[in-house]
Amino acid sequence: MTDDTSARLLSVLHDLNHHFVRSVAEADVQWFDRHLSRDFYNTNPDGTLIDRAAFLAQIGRGSPVTGLHEHDVKIRLLGHFAIIHARTSYTKPDGSPGRGWYTDDWQLTPEGWRCVSAHVSRS
């Protein structure tokens with residue numbers, strides 16, 4: 001893979017990562033419907049593992065936190081697969097600050113990048 005190709009792919013993944021977080025904050029189910037693989041799974045902060053349909057329903061209910069932002073994004077490009085690690089900050093419903101980490105796994109398919117799994121933790 002050339003440096004130009006890697007740079008282009010990293011730019012696309014950076015944009016997808018930003019929109020993933022934005023879509024959680026805005027309950028944008030349509031964005032997720034377009035960008036999740038059919039066999040997507042998510043691990044919630046409470047340890048529950050949910051499939052694509054349950055995740056879309058969860059997103060549709062909206063997030064109880066506000067001001068969700070990503071920080072310290074690290075994208076590891078491994079050919080047609082990528083792992084994104086990042087930190088989050090947000091405001092909890094009681095007004096106190098919150099933070100966490102997430103890891104999202106992306107696969108490059110003929111249709112474009114699709115998120116195949118996600119894991120969220122809170123600290």
Side-chain angles (χ1 to χ4, degrees):
M1 189 176 306
T2 68
D3 288 345
D4 287 344
T5 300
S6 292
R8 185 179 53 79
L9 292 174
L10 288 170
S11 177
V12 169
L13 287 160
H14 192 278
D15 188 54
L16 287 167
N17 178 68
H18 173 74
H19 284 290
F20 190 111
V21 174
R22 178 201 55 78
S23 295
V24 169
E26 296 176 5
D28 187 349
V29 174
Q30 290 76 24
W31 187 90
F32 281 111
D33 192 43
R34 289 188 311 272
H35 293 94
L36 298 181
S37 70
R38 293 288 159 211
D39 60 347
F40 172 85
Y41 276 90
N42 181 72
T43 304
N44 286 320
D46 66 1
T48 56
L49 181 67
I50 59 174
D51 65 11
R52 185 182 199 277
F55 181 79
L56 292 174
Q58 178 176 288
I59 291 299
R61 289 190 294 274
S63 176
V65 305
T66 59
L68 181 63
H69 296 285
E70 71 273 17
H71 309 277
D72 302 327
V73 177
K74 293 173 183 44
I75 300 174
R76 297 167 50 206
L77 184 58
L78 308 166
H80 290 153
F81 193 80
I83 303 170
I84 300 176
H85 304 276
R87 185 174 58 83
T88 57
S89 63
Y90 52 90
T91 303
K92 296 178 186 180
D94 68 4
S96 65
R99 62 179 187 245
W101 285 92
Y102 64 88
T103 301
D104 297 333
D105 301 315
W106 291 82
Q107 180 181 28
L108 185 57
T109 70
E111 296 80 30
W113 286 100
R114 296 296 178 264
C115 189
V116 297
S117 68
H119 183 269
V120 180
S121 67
R122 303 272 190 251
S123 54

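Positions are given from 1, in the same order as the sequence printed here. Bear in mind the structure is a predicted one, so any value in this text is a computation, not a measurement. Just the heavy atoms: all of them, side chains too, but no hydrogens, waters or symmetry mates, feed the values below.
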query = Going from OG on S96 to OH on Y90, what distance comes out if it is rounded to the nearest 0.5 angstrom?
reply = 8.5 Å
note = From the list V24, V21, I84, side chain to side chain contact (heavy atoms under 4.5 Å, CB included) with E70 holds only for V21
remark   = Sorted by chain and residue number, the side-chain contact (heavy atoms from CB on, under 4.5 Å) partners of E26 (sequence neighbours excluded) come out as R22
Per-pair distances, 0.1 Å, donor-acceptor, side chain in residues 6-15, under 3.5 Å, sequence neighbours excluded:
from	atom 1	to	atom 2	distance (Å)
S6	OG	T2	O	3.3
D15	OD1	H19	NE2	3.4

inquiry  = With a 3.5 Å distance limit and no angle check, can you tell me whether T88 reaches the backbone of G100 through a side-chain donor-acceptor pair?
reply    = yes
message = More than 12 heavy atoms of other residues, nucleotides or ligands under 6.0 Å from CG of D94: yes or no?
response = yes
task = Say whether, by atom type as modelled, one donor and one acceptor occur between the side chain of N44 and the main chain of D46 under 3.5 angstrom.
result = no
key: Transitive ILVMFWY side-chain link W31 to V116, under 4.5 Å   = no
request  = Could you pull out the closest heavy-atom pair between P64 and P93, with the gap in Å?
outcome  = O-CG, 3.3 Å
ask   = ring-ring contact (aromatic ring centres under 6.0 Å, His included) with F32: which residues, sequence neighbours excluded?
value = F20, F55
note = One should read off an interatomic distance between S117 OG and D104 CG, to the nearest 0.5 angstrom, of 7.5 Å
Side chain to side chain contact (heavy atoms under 4.5 Å, CB included) assessment of L36 paired with N42 = CA-CA 11 Å; L36 298 181; N42 181 72; over 6 Å; no
key: Atom pair CZ/CG of R34 and D28 - distance to nearest 0.5 Å   = 6.5 Å
R122 versus P45, closest heavy-atom pair with distance = CG-CB, 3.6 Å
key: Pair Y102-N17, side-chain donor/acceptor within less than 3.5 Å   = yes
key: Rounded distance [0.5 Å steps], CZ in F81 versus CG in L108   = 11.5 Å
request  = Tell me whether W101 is reachable from Y41 by hopping between hydrophobic residues (I, L, V, M, F, W, Y) whose side-chain heavy atoms are closer than 4.5 Å.
outcome  = no
note = Heavy-atom closest pair (A54 atom, I50 atom, distance to 0.1 Å) is CB-CB, 3.7 Å
query = How far does CG of D39 sit from CD of Q107, to the nearest 0.5 angstrom?
reply = 8.0 Å
ask   = With D33, which residues qualify under salt bridge (Lys or Arg N to Asp or Glu O under 4.0 Å), at least two apart?
value = R52
request  = Would you tell me whether T109 and E111 have side-chain atoms, one donor and one acceptor, within less than 3.5 Å of each other?
outcome  = yes
Residues that D72 engages under salt bridge (Lys or Arg N to Asp or Glu O under 4.0 Å), provided they are two or more places apart = R87
note = Taken in chain and number order and not counting sequence neighbours, the residues that satisfy side chain to side chain donor-acceptor pair (under 3.5 Å) with D4 are none
note = NE2 of H80 to CH2 of W106, rounded to nearest 0.5 Å, is 16.0 Å
Minimum heavy-atom distance G60-A27, with the two atoms named = O-CB, 4.5 Å
inquiry  = Between H71 and R99, do the side chains contain a donor N or O and an acceptor N or O under 3.5 Å apart?
reply    = no
query = Are more than 12 heavy atoms from other residues, nucleotides or ligands located less than 6.0 Å from atom NE2 of H18?
reply = yes
ask   = Are I83 and L16 co-members of a hydrophobic cluster defined by side-chain heavy atoms under 4.5 Å apart?
value = no
